[in-house]
Amino acid sequence: MFHNVLGESIMKIAREKKLVSFYLHNIRDYSNDKHKCVDDKPYGGGAGMVMKPEPVFNAVEAVEAQDNLTPTKILLTPQGETLNQEIAGNLSKKARLMIICGHYEGFDERIRSGIDVLEISIGDYVLTGGEIPAMVVIDSVVRLVPGVLGGNNSLQDESFVNRLLEYPQYTRPAEFRGMKVPEILKSGHHTKIEEWRMKEAIVRTQERRPDLLEEKTK
Ligand code: ADE
C-alpha cells in the first residue's frame, strides 16, 4: 500500500530531492509470537481484535534505537485529535515523525498510555486500519516541507490557511459553454484582484464553513 503512494508524484519528487525520506517497518516483524501475531481478542469480550502491546512497544523501541533523532510519535486512531492544516503545518517542522498504524479494531490501551504519542484521527468515520490515515497525514505534511512544492504563493492562498476556504479559480478559456471568467481577473489590476479574491474567500467560507470564521474571531 505504502510503496505505491510514496513512490508516485509529489512524494516521489520530494524523496528524489532528498527533502524527505520514508522508512517502512512491519510491526509483525517485532512480534515475539511464533505465528507473528500482533492482535488478540479483547478482554471482557466483544467484537473484533485488539492490537497487542508487545509488538508495538518492541517496534517503537527498536526503530527509535536506530539513530539519535527523537521522533514525534503519532498514533492513528478515530479517537485522536482531528487532523487539520495547522496540525499538518506543525508536523512538517519536525525532524522526524514516527507514524504508528494498526489494522484492527483498536489498540490495547497501554499503547496509548505507555508510549508518548500524539493521537490523530483523519475524520469522524471509522476505517479498517490506520494505513490510509497514515498516508493522508504523510501527504498533508510532506507537501508543506519547504522546497517540496515549487514557488510558493500557492501555499499561502490555499484553503484553510488563514482559516478561509480558497477563492474561486479560473484558467483558460475565458468563456466555456457560456460561462465567463470574471472581468476583474483579466484586468491585470493586482490590488483589485487581491481585494476580489479576499471578498470571495470570505463569502465562500461564510456559505460553506461558517465554523471556520467563528473560530477565527474567537
Ligand atoms: N483508523 C481507523 N479509522 C481512523 C480514522 N478515522 N482516523 C485515523 N485512524 C483511523
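For ligands, and for the atoms within them, numbers begin at 1 and follow the listed sequence.
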Salt-bridge contact R96-D67 (side-chain N to carboxylate O under 4.0 Å): yes
Residues E195 and K192 bridged, charged N to O under 4.0 Å: no
Sidechain N-carboxylate O distance under 4.0 Å for E183, K186: yes
Cluster companions of M179 among Ile, Leu, Val, Met, Phe, Trp, Tyr (side-chain spacing under 4.5 Å): F176
Could you pull out the N/O contacts under 3.5 angstrom between ligand 1 and the surrounding protein atoms?
residue: ligand 1; atom: 3 (N); partner: L127; partner atom: N; Å: 3.0
residue: ligand 1; atom: 6 (N); partner: G123; partner atom: O; Å: 3.2
residue: ligand 1; atom: 6 (N); partner: Y125; partner atom: O; Å: 2.8
residue: ligand 1; atom: 7 (N); partner: I122; partner atom: N; Å: 3.0
residue: ligand 1; atom: 9 (N); partner: T77; partner atom: N; Å: 3.3

Linked, directly or transitively: M198 and L185 (ILVMFWY side chains, under 4.5 Å): no
Heavy-atom side-chain proximity of Q85 to L144 below 4.5 angstrom: yes
